[in-house]
Amino acid sequence: MSLKIYNTITRRKEKFVPINPPKVGMYVCGVTVYDLCHIGYARSAIVFDIIYRYMKFRGYDITYVRNFTDVDDKIINRAGESGLQWNEVAERYIEEFNADMAALGVLTPDVEPKATDHIAEMLEMIEALVDKGMAYELDGSVYFSVKSFAGYGKLSGKNIDDLLSGARVDVDESKHDPLDFALWKASKPGEPAWESPWGMGRPGWHIECSAMGRKYLGDTFDIHGGGKDLVFPHHENEIAQSEGSSGKAPVNVWIHNGFVNINSEKMSKSLNNFSTIKDILKTYHPEAVRFFLLTSHYRSPIDFNTQAITSAGKNLYRFYDLFSEEKKLVPEAPPGPETDTSPTEKFTELMNDDFNTATALAFLMEELRRINHLRNEMSRMKKKSDRYKNARTQFALGVRTMKKLGGVLGLFQRDPSDFIDSFKVAKLNEVGVTLDWIQKLIDTRAAARAEKNFAESDRIRDELEGKGILLRDTPEGTTWSISLD
RNA sequence: GGCGCCGUAGCCAAGUGGUAAGGCAGAGGUCUGCAAAACCUUUAUUCAGCGGUUCGAAUCCGCUCGGCGCCUCCA
C-alpha cells in the first residue's frame with residue numbers, strides 16, 4: 001500500500017518515492033501580504049496542511065516550508081494608499097494571516113521564510129544566471145531569458161511560440177523577448193531597495209521561491225505545491241530559474257490545488273467577488289469550513305455555497321454529538337489498543353490515493369454510523385452484562401480511532417462540549433434569548449409533562465423550535481440542541 | 001488564437017476498463033405520550049448527447065451540445 005500523488009508535471013498519479021527517506025521536503029507558495037486572505041487561500045492552506053499531517057502520520061520526517069512574499073508591487077501600492085510604510089503593511093497582514101490560519105486549525109510550517117530575509121540568496125542565484133548567459137541586465141533590472149532555457153513550458157504544457165501568439169503577453173519593448181521575466185527590478189525613489197551589482201533594486205516575484213526552496217530544502221526536493229493558478233507563470237518560471245542555475249530539476253512532485261468558486265465562478269481580486277476568511281468565519285464554524293473543503297477532491301473546483309457548507313456543518317456536528325457521549329458511556333478509558341487497525345488501514349488506503357479526503361471522510365461517516373449503531377444497541381443491554389462491557393470496549397476503541405484518523409484531517413480535536421456549546425452560544429446570540437430563559441421553559445415543560453399536560457408541553461416545545469432550539473427528551477432528562485439549517 | 005479541465009439522483013459529491021461510495025433533502029419503520037437525536041429500510045438499469053474500440057465503458061477514442069480555468073497580480 002503506497003502513497004500515490006498526482007504530479008502536475010507528468011500529468012499522472014505516481015508512486016511517491018522520497019529522495020532521502022524518511023525525510024521529505026515540501027515547499028508551498030504562501031501569500032503576498034498586502035490584504036486579508038480570501039477563502040481560496042484557506043483551501044490551499046488546508047490542503048497542504050493535510051498533506052503535511054498525512055506525511056507525519058505515515059511516518060515521514062517532513063520539513064514544510066511556506067513563504068511570505070513581503071516585498072512586491074501590491075504591497076508598495078497598498079502602502080501608498082494607506083500611508084503606512086511598505087514593511088508595516090507586510091507586518092500587519094502577516095499577523096492577520098497567522099490569525100486566520102490559527103482559526104482554521106492549520107499547523108504552522110517548520111520554516112516560514114520571508115522574501116526580504118533572503119535577498120542575498122536571490123542575488124547569488126541571479127548572478128549565476130547572468131554568468132551563464134541566461135539572464136541579462138537592462139537599465140538596472142535583470143531579466144531571465146526564456147529562450148535560454150530549453151525546458152521552458154514543461155510544467156504548464158505550453159510552448160514558447162504559442163505563448164508569443166497569445167494576446168495577453170505584456171509588451172515591453174525593451175526586453176529581448178516579451179516572455180522574459182524580471183529577476184530583479186530597479187527601484188524607483190521611495191521604493192524598498194537593496195544593493196545589487198546592478199544598483200539599488202528589489203527582487204522579482206518568482207526568484208524568492210527558487211532561492212528559499214533551495215536554501216531550506218536543497219537543489220532538488222520532493223514536493224512543491226500551490227494553487228492551480230500558480231502553474232503558469234510562477235512555477236514555470238521557478239523551474240527555469242532553479243534548473244537554469246543548478247542544472248538540476250528543482251522539484252520531483254508538483255502538487256496544485258483547485259479553486260474555490262462562488263456561484264460557479266472563480267473568485268478573484270479583479271472580479272471583486274471574493275470572501276475573506278474572516279467574513280466566512282463570522283457565519284460558519286472554522287471546523288465546518290474545513291470539513292466542507294474536504295468533501296471534494298483537492299484538485300477539483302469546489303463551489304462555495306450555503307447548502308453545501310450547512311450540510312458539512314451538520315455532519316461535523318453529528319461526530320461531536322457522538323463524541324460527547326463518550327464521557328457518559330466510558331467514564332474511564334478501558335485498557336486496550338489505542339486505535340483499531342482495520343479502520344486505520346482502510347483510511348490509509350483511501351488517503352494513499354492522491355489524498356482523497358472525500359472518500360476518507362465518507363469512510364469516517366460510515367464508521368460514525370457503525371459506532372452509533374453500537375451505541376443504540378448498548379442502550380438496550382444490561383449494564384452489568386459482559387455483552388455490554390464488551391460493546392463498551394468496542395465503542396471506546398471506535399471513538400478513539402475515529403478521533404485519531406479525523407486528526408489526520410485536522411478534525412475532531414476539540415472538546416466535544418466546547419464544540420457544541422460554541423454552536424449554542426452563537427444561536428442564542430442570533431435569536432436573542434438567554435440560557436436561563438430556555439432552562440425555565442424546559443422546567444415548566446417538565447412540570448407539564450409530569451402532569452401529562454401534553455398540549456402545554458408541546459406548545460413550549462414549538463415555541464423553542466421557532467427560535468431554532470430543538471429539545472430532546474432522554475431518560476436523563478431534557479436536553480437541547482440547535483437547528484443547523 | 002494557444003493550452004487545459006469539467007458535465008454522475010432534487011442538490012453536493014466519489015469513482016479513469018469489470019457492472020454506480022458517502023452526504024444533504026425526501027419516503028417508510030424502530031424508539032417516543034407525541035417529537036427530536038440515533039439506528040434500520042428506501043431513493044440513478046444509469047453517469048450531457050450521438051457514434052466507435054472492447055467479452056465488458058461513467059471510465060478509452062471521435063464528434064456535438066453546455067459550463068469553466070490558465071495564457072495579466074491571483075491559492
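Letters A, B, ... mirror the listed sequences (proteins, then strands); counts begin at 1.
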query: Hey, is the side chain of A/N356 pairing donor to acceptor with the base of B/G15 inside 3.5 Å?
result: no

Table please: side-chain donor-acceptor pairs of residues 475-485 of chain A below 3.5 Å, with sequence neighbours left out.
unit_1: A/T478; atom_1: OG1; unit_2: A/D473; atom_2: OD1; d: 2.8
unit_1: A/S483; atom_1: OG; unit_2: A/D485; atom_2: N; d: 3.4
unit_1: A/D485; atom_1: OD1; unit_2: A/K314; atom_2: NZ; d: 2.6

Length of the line joining A/K467:NZ and B/A36:C1', which is rounded to integer Å: 20 Å

A/A308, nearest nucleotide to its side chain (from B/C12, B/A75, B/A38): B/C12

- prompt: Do A/Y27 and A/Y216 have ring centres separated by under 6.0 Å?
  reply: no

task: Could you check which nucleotide pairs with B/C39 in any of the strands shown, counting Watson-Crick or G-U wobble with both distances under 3.5 Å?
output: B/G29

field: For RNA chain B, the residues among residues 365-373 of chain A that have a non-hydrogen atom under 4.0 Å from it
entry: A/M365, A/E366, A/R369, A/N372, A/H373

- prompt: Atom NZ of A/K452 and atom P of B/U32: how far apart are they, to the nearest Å?
  reply: 13 Å

- prompt: So, A/D354 and A/H297: side-chain donor and acceptor under 3.5 Å apart, yes or no?
  reply: yes

query: Hey, do the aromatic rings of A/F419 and A/H285 have their centres closer than 6.0 Å?
result: yes

- prompt: Could you state the NZ-C1' distance from A/K158 to B/C70, rounded to the nearest angstrom?
  reply: 5 Å

- prompt: Salt bridge between A/K114 and A/D70, side-chain N to carboxylate O under 4.0 Å?
  reply: no

d(CD1, A/I442; C1', B/A36) in whole Å: 13 Å

Whole-Å gap separating P (B/A38) and CZ (A/F319): 12 Å

- prompt: Would A/F454 count as stacked on B/G33 if the rule is ring centres under 5.5 Å and plane angle under 30°?
  reply: yes

statement: Partner of B/C24 under the Watson-Crick or G-U wobble criteria, both distances under 3.5 Å, comes out as B/G10

task: Could you state the atom-to-atom distance from CG of A/N261 to P of B/A13 in whole Å?
output: 10 Å

query: In whole Å, what separates the P atom of B/G26 from that of B/A14?
result: 23 Å

task: In whole angstrom, give me the gap between the P atoms of B/A57 and B/G18.
output: 12 Å

query: Between A/H235 and A/H256, is any side-chain donor less than 3.5 angstrom from a side-chain acceptor?
result: yes

statement: Winner on side-chain proximity to A/R318, out of B/C34, B/C39, B/A37, is B/C39

task: Rounded to whole angstrom, note down the C1' distance from B/U19 over to B/U46.
output: 11 Å

- prompt: When the distance from CG of A/N315 to P of B/A25 is rounded to whole Å, what number comes out?
  reply: 9 Å

- request: Please report, rounded to the nearest Å, how far the P atom of B/C68 is from the CD1 atom of A/I302.
  value: 18 Å

- prompt: If you count the non-hydrogen atoms of other residues, nucleotides and ligands that lie under 6.0 Å from NZ in A/K278, is the total more than 12?
  reply: yes

task: Taking atom P in both B/A75 and B/U16, compute the distance separating them and give it to the nearest angstrom.
output: 31 Å

